[in-house]
Amino acid sequence: MAGDVDTLRDMITDAERVVFFTGAGVSTESGIPDFRSPGGVWDRFKPIYFDDFMSSRESRRETWRRKIETDKTMRKAAPNRGHQAIASLVARGKASAIITQNIDGLHQVSGVPDDKVIELHGNSTYCTCLDCGERHTLEEVIGPFKQDETLPECKSCSSEYVKTATISFGQQMPEGPMRRAQAEAMAADLFIAIGSSLVVYPAAGFPVMAKQNGSKLCILNREPTELDQYADLVLNAEIGPSLGAAVGLN
Ligand code: NAD
Ligand code: ZN
């Protein structure tokens, strides 16, 4: 059903447990390009698969070169009206969780407590050692790399597999977040998918799971998505202005 902001506002008012599901579109108004819009990341880079990262030093170097590029934008980005609207519903106790495909950490920066943000694809604002789990700051890794493309080594176990804390194509999905996302999808009575083309699986399975378990489903996205036919409400609009209006942000 195609709808408007007033309908979304009414659905939120009637709901007891809202769960948000967010994609790259939530952060475009913060200046971070999404993947599939024109000029998005896929227009410029082919993805590096996890196996290549593990088996090839050159792939690892290419990963860090790209990270240095994308980090210039990400570092400047601040939460926008869409993030703030979502944060306000969490603060009011109306929304129980945000399941996000984003790796930019902006939901947390907007004031949502860490335990309410379920990151399905990890976080690119820090790094971890794939062997021992030790956390490293981006500066620790990128600083030496910028000088002479020195690949990082874990400060704790000397492993050469230090990677941004993101989930790459071909990498196993993180167990804890997947389990929590499933529980939240099942417990929702209003599931709102925002700024996602809903084509990346298994993440895009959660809106369907929520709907099949009795939740209402709302999709807010500039353009049609793969799952529009399952939705109770489809809003093709810009996220910040419409969500801001729906939750009554000043
Ligand atoms: P996607 O690029 O496939 O889809 C984004 C959707 O958002 C598009 O359909 C686009 O029309 C819509 N959109 C963009 N800006 C909008 C706006 N202001 N208002 C309304 N709609 C808008 O992104 P996805 O579905 O999240 O899947 C891509 C993968 O990309 C995810 O796995 C994620 O990990 C990764 N990613 C993350 C970031 C980030 O962290 N900010 C950025 C790029 C990619
Ligand atoms: Zn280590």
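Every number for a ligand or one of its atoms is a count from 1 in the order of the listing.
Listed by number with element, the atoms of ligand 1 under 4.0 angstrom from any heavy atom of A237 are 19 (N), 20 (C). Annotation for ligand 1: atoms under 4.0 Å from non-hydrogen atoms of G23 are 26 (O). Under a 4.0 Å criterion applied to the non-hydrogen atoms of I32, ligand 1 contributes the atoms 41 (N). Each of the atoms 8 (C), 9 (O), 10 (C), 11 (O) of ligand 1 lies under 4.0 Å from some heavy atom of E223. The S27 neighbourhood of ligand 1 comprises atoms 41 (N), with distances under 4.0 Å to a heavy atom of that residue. The contact set between ligand 1 and N102, taken as ligand atoms under 4.0 Å from a residue heavy atom, comprises 37 (C), 39 (C), 40 (O). Here is the list of ligand 1 atoms found below 4.0 Å of a heavy atom in D104: 39 (C), 40 (O), 41 (N).
Ion pair K163/E134 not flagged as a salt bridge, since none of the NZ, NE, NH1 or NH2 atoms sits closer than 4.0 Å to an Asp/Glu carboxylate oxygen. We find that R65 and E62 are joined by a salt bridge, their nearest charged nitrogen and carboxylate oxygen being less than 4.0 Å apart. Looking at D232 and K211, a side-chain N of the basic residue comes within less than 4.0 Å of a carboxylate O on the acidic one, giving a salt bridge. Using a 4.0 Å cut-off between charged side-chain N and carboxylate O, R81 and E29 make no salt bridge.
Residues F21 and V234 do not share a hydrophobic cluster, defined by chaining ILVMFWY side chains whose heavy atoms lie under 4.5 Å apart.
Within the 3.5 Å criterion, the main-chain N or O of V26 finds a donor-acceptor partner in the side chain of N80. Not a single donor-acceptor pair under 3.5 Å links the side chain of D71 to the backbone N or O of M74.
Here R222 has heavy atoms under 4.0 Å from ligand 1 in both its backbone and its side chain. Contact annotation for T28 and ligand 1: only side-chain heavy atoms (C-beta onward) come within less than 4.0 Å of the ligand.
Qualifying side chain to side chain contact (heavy atoms under 4.5 Å, CB included) partners for D10, counting only residues two or more places apart in sequence or in other chains: none. A search for side chain to side chain contact (heavy atoms under 4.5 Å, CB included) contacts involving E160 returns R57, R60, not counting sequence neighbours. For A95, the side chain to side chain contact (heavy atoms under 4.5 Å, CB included) partners two or more places apart in sequence, or in a different chain, are V18, F20, L89, V90.
Excluding waters, the set of protein N, O or S atoms lying under 2.8 Å from the Zn ion (ligand 2) comprises C129 SG, C132 SG, C154 SG, C157 SG.
Using the six-membered ring where Trp is involved, H83 and H107 have ring planes that are perpendicular, over 60° apart on the 30 and 60° scheme.
The shortest N/O to N/O separation between I103 and ligand 1 falls below 3.5 Å.
Residue nearest to atom 35 (C) of ligand 1, selected from F21, F169, F35: F35 (by heavy-atom distance). Nearest to atom 33 (C) of ligand 1 by heavy-atom distance, out of E238, E226, Q101, is Q101. Of the candidates L120, N221, L106, the one placing a heavy atom closest to atom 6 (C) of ligand 1 is N221. Of the options G195, P33, A204, A203, the smallest heavy-atom separation from atom 42 (C) of ligand 1 is shown by P33.
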